[in-house]
Each structure stands twice: as structure tokens, then as C-alpha cells.
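Report on one structure; see the data block that follows.
Here, residue 1 is the first one in the sequence, and each next residue gets the next number.
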Amino acid sequence: MDLMEKNLELTEVQKLEGHTDRVWNVAWNPVSSLADGTSPVIASCSGDNTVRIWEQSSLSHSWTCKEVLEETHTRTVRSCAWSPSGKLLATASFDGTTGIWENYGSEFECISTLEGHENEVKSVSWNASGTYLATCSRDKSVWIWEVIPGNEYDCASVLNGHTQDVKMVQWHPTVDLLFSCSYDNTIKVWWSEDDDGDYQCVQTLDESNNGHSSTVWAISFNAAGDRMVTCSDDLTLKIWGADISMMHSGEGYAPWTHLSTLSGYHDRTIYSAHWSRDDIIASGAGDNAIRLFVDSKHDSVDEPSYNLLLTKNKAHDMDVNCVRWSPGETNRLLASASDDGMIKIWQLATKP
């Protein structure tokens, strides 16, 4: 049955309270879900210089803060990301460093601090195999770190191409392609043609190819990796597509093309967009709202059509900085983070 035909609602499951400043980012641990018998875990990071680890009880299904990671970063922690194994957590801070935390079961320990950026580190992302970590900064650069056994991280590449603050880095889910988006209104695609790790900018998505006209804040991919959504200060979401199978078969770089623009839905900056495993796009914005979109499946000859599935006005009391779907395919849980200091867990389900 088409999602548009279902009577769906986004219901608040729980507020997670504890941070004493705005919450910038949330990240679901990729290998924890009730489906496989382990408790779902979320990391959140904040302007209060801390990271919090939240866990859902398998019995009560309520969330509690299990640990506060502090005394490592001296300024705002802007971004956090779990490694594919779920064992490591990378944290990016305005103090110019990236922390690597290891989960030892009962506690987390900072096992490495990556230094090199000239100022605020804005975002961090692991590639699909966990062999590379990318960071970006207000210093306009993107760094690629190679993960070496023994908790060592070697800077493999410093990528200079953006002319302004880089807001986010995101690895592609199935190919070692790195994407970065910036205050300079562009998205850049970085790729190494061979195994020497020499990454080059192979494509720039900007206004000349139907890109954004203002700061690009976030990037997310669908599960198949052949579509990407980006969001911007220009109040639009844009959908992009590429023939990823071409890259999988070793035929070279497959360029990304603009497929669709979603506009007129948010009336303030769209800070976050995230694609669920079952193809629902969530967006969070400065209008305090969360919106959900789905592919109408009635593609015209020119471009796919995305429809608004539902709107949650006043999802938070202030800007929604981050929306993230849970990695599980069954429960349709969404986490959101806001300037109001709250994290909220939502469930998308059919109205009773």
C-alpha cells in the first residue's frame, strides 16, 4: 500500500532531557536495535561541550542517559558519528579537535584526539568499511584520516576546494565517494580513481547545475545509494541521482544530476534532512517543524515527484538542528535535536 494512502501520524515517544545548551546532532548506533536483542543506543552532542549516550530499555522501552562524555572537548561538540561496527564514536568540536571514543561495554574512553584543523571542526563521517574518517572545518578544508590498527589515525588527504566554512561531510553508503557541503552554496564530490587514496574533487554541484543558491547544511542518501537529498538556507530540499551501479562495476565516476526541488514547505533555513531505509525523507528547520516526504512513484518523464507525507509543526520550541531515522527498518523511529536543548524520539505509525 502506498504510504500516501495510509493515515500516518508522527507521535512523540519521549523527550530526552539532560543537555544544558542547544543540541546540535544525534546519531543512532548502527548495530543496536531491539530486533536483534540489543538495546538501541543514541549519541547526542551539544553546546554544553558534552556528548551523551542514551539507551532504550528492552523491558520498559524508555530511554535513559547511560553516560556523559565530558572533559575532553573544551568547546561546543558540533557533530558525532558511530563507526560501522558501532564500537567507536567520533566527535567534532569547535575546539578544533576530533575525539575518538571506544565503547568498552560499561564505559566509553577517549582513545585518540585528532588535531590539525585551524579552527572549529563542524562534522565527522566514517566510510562504509570504517577504514576512513572524514572531518571538515570552518577553515574551509576537508580532511581524510586513515584508520590504522592500534588506535592510530593518519591524515591521508587535506582537500581544499571550498571557499567558505564547510558545514558537513558525508561518505556515500556503498562506494568510497566523499561529499562535502558549504557556506559557499556548493556540494563537492571527492573521489580517488585508484587505491592510493589521492582524492580529487570530481564534481561541484552549484547553481549552474540546478544546485542551491545559499548555504548547504546537510546531505543524506537513500539505502540504495543512487539518490541523495540536500537541504539549504535557500529553503529548499533538492534530490539528486547517479548511476551508482556504474561505479560498482569499475567503469569510472558516475556524475550526479539534479532530479527534483522541494520548495514552499519550510519558511526558515532547513538545517537537516535524512533518508530512512524505507524511503521516507525527514527534514528539520528553523521554523521548529519536522516534515516528511515520499516519492510519489508517479515519475514524470522529466523528474521524480516527491510529496509531503506529513508536517509536525512546533515539533520543538526552537530550531530543529538534526533529524535522524533509526537504522532499523521495522519501527520507524525518528530522533530530533533542537536549540531548545531537547532530543525527542518520535514514532511514525498508522493512526489508531
Side-chain angles (χ1 to χ4, degrees), residues 30 79 81 83-84 90 92 98 114 116-117 121-137 139-148 153-212 216-232 238-259 273-275:
S79 169
S83 64
T98 301
L114 312 185
H117 283 294
V121 186
K122 294 294 182 76
S123 173
V124 63
S125 175
W126 301 85
N127 71 337
S129 61
T131 53
Y132 286 115
L133 182 73
T135 58
C136 66
S137 167
D139 66 13
K140 308 172 192 172
S141 72
V142 173
W143 288 44
I144 297 176
W145 306 82
E146 186 176 0
V147 184
I148 299 168
Y153 291 79
D154 182 39
C155 178
S157 241
V158 176
L159 309 177
N160 294 299
H162 285 293
T163 58
Q164 297 285 337
D165 182 356
V166 188
K167 296 295 187 187
M168 186 178 188
V169 279
Q170 186 67 47
W171 287 97
H172 185 272
T174 62
V175 183
D176 276 347
L177 269 180
L178 180 63
F179 294 72
S180 57
C181 59
S182 168
Y183 193 73
D184 65 14
N185 311 349
T186 72
I187 300 140
K188 287 188 179 288
V189 191
W190 310 88
W191 184 53
S192 174
E193 283 193 60
D194 42 47
D195 294 332
D196 64 4
D198 187 18
Y199 277 76
Q200 306 290 335
C201 180
V202 287
Q203 193 175 5
T204 299
L205 305 176
D206 58 20
E207 271 197 281
S208 70
N209 42 31
N210 294 309
H212 291 287
V216 189
W217 281 94
I219 298 163
S220 180
F221 297 93
N222 67 347
D226 61 353
R227 287 192 181 177
M228 168 175 72
V229 60
T230 56
C231 63
S232 169
K238 287 182 181 281
I239 311 295
W240 308 82
D243 182 5
I244 285 299
S245 60
M246 185 177 123
M247 295 200 70
H248 280 297
S249 63
E251 294 175 52
Y253 177 69
W256 291 76
T257 56
H258 172 266
L259 299 178
H274 196 243
W275 215 311

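Separation of atoms OG (S232) and CD1 (I187) is listed at 8.5 Å; rounding is to 0.5 Å. Atom SG of residue C136 and atom NE2 of residue H162 lie 8.0 Å apart, to the nearest 0.5 angstrom. A distance of 10.5 Å separates CG in D165 from OG in S141, rounded to the nearest 0.5 Å.
Below 30°, between 30° and 60°, or above 60°: for W143 and H117 the angle between ring planes is between 30° and 60°, a tilted geometry. Below 30°, between 30° and 60°, or above 60°: for W191 and Y253 the angle between ring planes is between 30° and 60°, a tilted geometry.
Nearest heavy-atom pair, K188 versus G161, reported as atom, atom and distance to 0.1 Å: CE-O, 3.3 Å. Contact between A242 and P255 at its shortest, heavy atoms only, is CB-O, 3.6 Å. Nearest heavy-atom pair, F221 versus W275, reported as atom, atom and distance to 0.1 Å: O-CB, 3.3 Å. Here the closest non-hydrogen pair linking V147 and G130 is CG2-O, 3.6 Å. Of all heavy-atom pairs spanning L205 and M228, the tightest one is CD1-CE, 3.7 Å. Heavy-atom minimum distance, S129 versus P84: C-CG, 4.2 Å.
Side-chain contact between V169 and W190 is absent, with no heavy atoms from C-beta onward closer than 4.5 Å. In this structure, L114 and L133 have side chains that are in contact, with non-hydrogen atoms separated by less than 4.5 Å. Contact of the K167 side chain with the S123 side chain is not registered, since no non-hydrogen atoms from C-beta on lie closer than 4.5 Å. No side-chain heavy atom of V189 sits under 4.5 Å from any side-chain heavy atom of H172. Side-chain contact between H248 and V175: present, with at least one pair of heavy atoms (C-beta onward) separated by less than 4.5 Å. The side-chain heavy atoms of Q203 and L177, taken from C-beta on, include no pair separated by under 4.5 Å. For the pair I219 and W240, the minimum side-chain heavy-atom distance is 4.5 Å or more.
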Taking it one step at a time, do T204 and D206 satisfy side-chain hydrogen bond (donor to acceptor under 3.5 Å, both in side chains)?
CA-CA 6 Å; T204 299; D206 58 20; 5.9 Å; no
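Side-chain atoms of N127 come within 3.5 Å of backbone N or O of Y132 as a donor-acceptor pair. Between the side chain of S220 and the main chain of V229, no donor-acceptor pair closer than 3.5 Å is present. Proximity of a side-chain donor or acceptor of W217 to a complementary backbone N or O of C231 within less than 3.5 Å is not detected.
Using modelled atom types and a 3.5 Å distance limit, the side chains of D184 and T186 yield a donor-acceptor pair.
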Contacts table for residues 153-160: side-chain donor-acceptor under 3.5 angstrom, sequence neighbours left out:
none

